[in-house]
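Here the structure is laid out as structure tokens; the discussion comes afterwards.
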Amino acid sequence: MARIVVVGAGVGGLATAARLAATGHQVTVLEQAGTVGGKLGRYAHHTPEGSFHFDTGPSLLTLPQVFHDLFEATGAKLDEYLDLVPLDPIVRHVFADGSTLDSGADPDGFAGRIGTAFGDRAAADWRRLWRRAERVWAASHRDILRRSVDSPRDLAALAWRLGDLAAIAPGRTLRGLGRGHLADPRLRMLLDRYATYTGADPRRAPAALVAVPYAELAYGGWYLRGGLGSLTDALLTRCLDLGVVVRTDTAVTRIDAAGGRVHGVRLAGATAPLPADVVVANVDALTLYRDLLPHPRRLARLTDRSLAGFVLLLGVRGDSGLAHHNVFFPRDYDAEFDAVFGDPGRGARARPALDPAVFVTVADDPAARPAGHEAWFVLVNAARHGTAAGAVDWRRPGLAQAYADRILDVLAERGVDVRDRLLFREVRTPADLATAAAAPGGSIYGTAGGLLRPANRGPAHGLWLVGGSSHPGGGLPMVTLSAEIVATEIGPAWG
């Protein structure tokens with residue numbers, strides 16, 4: 001039985017801890033914050049009218065089988081802990097010309113909706129792209145998502161089928177793939193948005209990310225009744241029931257790895273290290289290799305950071321008639337990407353996008369809001385926090401409130417004006433996420449999207465990485481798969 005320390009109690013850390021404890025290991029989870037969950041955050045706002053409850057991180061659950069597998073591996077059933085509600089539409093897309101398109105989990109039904117909204121040619125284009133996306137998903141799921149990938153050599157050594165390589169199109173971008181398959185600019189815009197699911201610019205993101213919309217639309221989108229934060233509660237309960245020790249308000253300052261193997265971790269304010277045979281780091285890889293176990297060579301590979309998010313939490317009077325998830329697209333999507341990622345070709349720094357795509361979640365859940373009201377989670381893509389050319393100083397006086405005003409104006413321009421129905425608003429910037437979740441710069445996914453992220457196996461024997469900044473990437477299912485990879489590699493305790 002190994003003494004295992006998990007640094008960080010995000011979904012990846014808790015899922016890994018539960019899997020390892022279920023196989024007989026002695027597991028301790030250390031979390032610097034006062035609560036567990038990491039970026040899967042929650043916020044409650046109390047008013048005389050009643051209480052509003054928000055998920056401040058992910059708002060959509062996909063690939064539910066990943067979570068069924070996780071709970072079964074720890075001796076439980078998902079349905080005993082969580083109430084999954086299928087969403088239809090998964091997302092309502094509203095375009096600048098006023099047209100709308102509702103996505104759904106039935107491929108033929110979604111293609112039919114495309115045909116009704118945009119015409120038969122658009123539907124045929126989408127079906128052709130869908131067949132390609134299916135091949136990419138099958139190859140990715142088989143060869144990448146459920147196994148460790150430690151280096152470009154590992155990717156090159158995979159026994160790719162020729163058809164898989166043709167579909168994955170190494171060297172091609174997601175933007176290029178969309179332009180090669182989709183004549184309708186609105187469908188191209190819809191596809192571009194999936195690059196942002198991994199924190200990337202579609203003009204540079206690999207074409208293989210076409211697997212992301214396939215996973216969402218083939219397996220469906222789900223809401224957890226009571227909010228997605230209930231996943232944190234369920235994972236914490238599993239951990240405690242399995243004997244995991246979970247310590248919050250406990251900051252790790254260093255990982256001891258003398259002689260090329262881990263020996264334990266050092267804690268803020270403690271005089272002696274906490275011994276460990278194995279350390280699982282559920283922290284951003286940048287934090288790990290910069291602060292906890294300095295490693296200049298690995299740190300140098302982490303310069304391509306993902307985008308961040310600017311968030312409004314709104315208490316709204318009345319019924320807006322929106323879907324659970326809604327995206328309001330701009331006329332010029334590239335102007336947003338130039339702002340968020342900077343435009344080095346023109347020497348332009350990153351800046352708040354003036355006319356961004358706006359994502360609005362309105363959960364039809366009585367637990368989220370008092371009767372006669374709605375709890376809105378509003379998200380726009382944003383540059384990470386900082387002073388470098390690719391960042392924005394979100395703590396600059398007046399910037400956050402001024403930009404919040406701008407986002408409400410943009411919604412009004414797109415036909416959804418709630419400015420006179422607001423009961424309250426809360427603003428969350430990338431700087432706030434950086435502080436709350438120890439996410440450098442507030443980058444949501446750590447490194448920007450791609451097939452090769454920081455490896456799960458660390459440079460010292462007994463060190464492992466789990467979570468959104470490491471393989472296989474960000475998002476709740478990918479983080480949970482990373483936990484499966486790490487727990488499998490560590491293996492069960494010896495009898």
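Between Ser103 and Phe110, the shortest heavy-atom contact is CA-CE1, 3.4 Å. When all heavy atoms of Ile444 and Ala308 are compared, the pair lying nearest together is CD1-C, 3.7 Å. Looking at every heavy atom in both residues, Gly475 comes nearest to Tyr445 through N-CE2, 4.0 Å. For the residue pair Asp79 and His68, the shortest heavy atom distance occurs at OD1-CE1, 3.7 Å. The minimum heavy-atom distance linking Val136 with Ala211 is given by the pair CG1-CB, 3.9 Å. Heavy-atom minimum distance, Ser469 versus Pro454: O-CD, 3.1 Å.
Two rings, from Phe329 and Tyr333, have their centers less than 6.0 Å apart.
Under a 3.5 Å cut-off, the side chain of Asp184 and the backbone N or O of Arg186 do form a donor-acceptor pair. The backbone N or O of Gly199 lies less than 3.5 Å from no partner atom in the side chain of Thr196, so there is not a single donor-acceptor pair. The closest donor-acceptor contact from the side chain of His93 to the backbone of Leu101 lies under 3.5 Å. Between the side chain of Asp102 and the main chain of Pro89, no donor-acceptor pair closer than 3.5 Å is present. Within the 3.5 Å criterion, the main-chain N or O of Gly226 finds no donor-acceptor partner in the side chain of Ser230. The main-chain N or O of Gly458 is never found under 3.5 Å from a side-chain atom of His295 such that the two would form a donor-acceptor pair. Between the side chain of Ser482 and the backbone N or O of Gly467, at least one donor-acceptor pair lies under 3.5 Å. Judged purely by atom type and a 3.5 angstrom limit, Glu336 uses its side chain to pair as donor or acceptor with the backbone of Ala357. The main-chain N or O of Val66 is never found under 3.5 Å from a side-chain atom of Asp69 such that the two would form a donor-acceptor pair. Looking only at distances, no side-chain donor or acceptor of Asn456 sits under 3.5 Å from a matching main-chain atom of Trp464.
Partners of Leu236 by side-chain contact (heavy atoms from CB on, under 4.5 Å), not counting sequence neighbours, listed by chain and number: Val36, Leu240, Val246. For Asp88, the side chain to side chain donor-acceptor pair (under 3.5 Å) test picks out Arg113, with sequence neighbours left out. Taking Arg188 as the reference, Arg179, Leu182 meet the side-chain contact (heavy atoms from CB on, under 4.5 Å) condition, with sequence neighbours excluded. Phe52 meets the ring pair (Phe, Tyr, Trp, His ring centres under 6.0 Å) test with His373, Phe424; sequence neighbours excluded. Every residue meeting the side-chain contact (heavy atoms from CB on, under 4.5 Å) condition with Ala111, not counting sequence neighbours, appears here in chain and number order: Arg127. Not counting sequence neighbours, the partners of Thr74 by the side chain to side chain donor-acceptor pair (under 3.5 Å) test are Arg238. Looking at residues two or more places apart in sequence or on another chain, you find no side chain to side chain donor-acceptor pair (under 3.5 Å) involving Thr488. Residues satisfying the side-chain contact (heavy atoms from CB on, under 4.5 Å) criterion with Ala215, sequence neighbours excluded, are Leu63, Trp137. Applying the side chain to side chain donor-acceptor pair (under 3.5 Å) criterion to Asp365, with sequence neighbours excluded, gives Tyr223.
Taken to the nearest 0.5 Å, the CZ atom of Arg457 stands 10.0 Å off from the CD1 atom of Ile490. Once rounded to the nearest 0.5 Å, the distance linking CG of Leu209 with CG of Asp192 reads 11.5 Å. Within the model, atoms CG of Asp83 and CZ of Arg225 stand 4.5 Å from one another, a figure rounded to the nearest 0.5 Å.
Around atom CZ of Arg121, no more than 12 heavy atoms belonging to other residues, nucleotides or ligands sit under 6.0 Å away. Summarising the local packing, CG of Asp364 is surrounded by 12 or fewer heavy atoms from other residues, nucleotides or ligands at distances under 6.0 Å.
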Exercise. Which is it for Arg92 and His325 under the side chain to side chain donor-acceptor pair (under 3.5 Å) test, yes or no, and what are the steps along the way?
Worked result: CA-CA 6 Å; Arg92 175 163 294 160; His325 293 116; over 6 Å; no
Exercise. Are Thr361 and His324 close enough, and set up right, to give a side chain to side chain donor-acceptor pair (under 3.5 Å), and what steps lead you there?
Worked result: CA-CA 5 Å; Thr361 297; His324 189 107; 5.7 Å; no
Problem set entry | Audit row: Val327, Val358, side chain to side chain contact (heavy atoms under 4.5 Å, CB included) steps and yes/no | CA-CA 6 Å; Val327 177; Val358 183; over 6 Å; no
For this session: Run the numbers on Arg247 and Thr28 for side chain to side chain donor-acceptor pair (under 3.5 Å), then give the verdict.
Result: CA-CA 8 Å; Arg247 295 170 55 180; Thr28 299; over 6 Å; no
For this session: Show your working on side chain to side chain donor-acceptor pair (under 3.5 Å) between Gln65 and Tyr219 and close with a plain yes or no.
Result: CA-CA 9 Å; Gln65 188 58 44; Tyr219 297 97; over 6 Å; no
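A 4.5 Å side-chain heavy-atom check between Val416 and Phe328 finds at least one atom pair inside the cut-off. With contacts defined as side-chain heavy-atom distances shorter than 4.5 Å, the pair Leu84/Phe67 does not qualify. At a threshold of 4.5 Å between non-hydrogen side-chain atoms, the residues Leu191 and Pro213 count as touching.
Ion pairing between Arg42 and Asp233 holds under the 4.0 Å rule for side-chain N and carboxylate O. Checked for salt-bridge contact, Asp201 and Arg203 meet the test: a charged N lies under 4.0 Å from a carboxylate O.
Of the N and O atoms on the side chains of His141 and Arg146, at least one donor lies less than 3.5 Å from an acceptor on the other residue. A donor and an acceptor atom, one from each side chain of Thr250 and Gln32, are nowhere located under 3.5 Å apart. Counted by atom type alone, Thr447 and Arg453 present one or more donor-acceptor pairs between their side chains at under 3.5 Å.
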What pairs of donor and acceptor atoms, side-chain ones from residues 277-288 against any protein atom, are under 3.5 angstrom apart with sequence neighbours left out?
{"residue": "Asp277", "atom": "OD1", "partner": "Arg3", "partner atom": "NH2", "Å": "3.2"}
{"residue": "Asp277", "atom": "OD2", "partner": "Arg3", "partner atom": "N", "Å": "2.8"}
{"residue": "Asp277", "atom": "OD2", "partner": "Arg3", "partner atom": "NE", "Å": "3.2"}
{"residue": "Asn282", "atom": "OD1", "partner": "Gly10", "partner atom": "N", "Å": "2.9"}
{"residue": "Asn282", "atom": "OD1", "partner": "Gly13", "partner atom": "N", "Å": "2.9"}
{"residue": "Asn282", "atom": "ND2", "partner": "Val466", "partner atom": "O", "Å": "3.2"}
{"residue": "Asp284", "atom": "OD1", "partner": "Leu286", "partner atom": "N", "Å": "2.8"}
{"residue": "Asp284", "atom": "OD1", "partner": "Arg305", "partner atom": "NH1", "Å": "3.4"}
{"residue": "Asp284", "atom": "OD1", "partner": "Arg305", "partner atom": "NH2", "Å": "3.2"}
{"residue": "Asp284", "atom": "OD2", "partner": "Arg305", "partner atom": "NH2", "Å": "3.0"}

Let me check something: any side-chain donor-acceptor pairs from residues 436-443 under 3.5 Å, sequence neighbours excluded? List them with distances.
{"residue": "Ser443", "atom": "OG", "partner": "Ser306", "partner atom": "O", "Å": "3.1"}

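Ring-plane geometry between Tyr214 and Trp130 is classed as tilted, the angle between the planes lying from 30 to 60 degrees on a 0 to 90 degree scale.
The one candidate from Leu312, Leu313, Leu314 that meets the side chain to side chain contact (heavy atoms under 4.5 Å, CB included) condition with Trp376 is Leu314.
Listed by first and then second residue, the salt bridge (Lys or Arg N to Asp or Glu O under 4.0 Å) pairs involving residues 8-34 are Arg19-Glu484 (not counting sequence neighbours).
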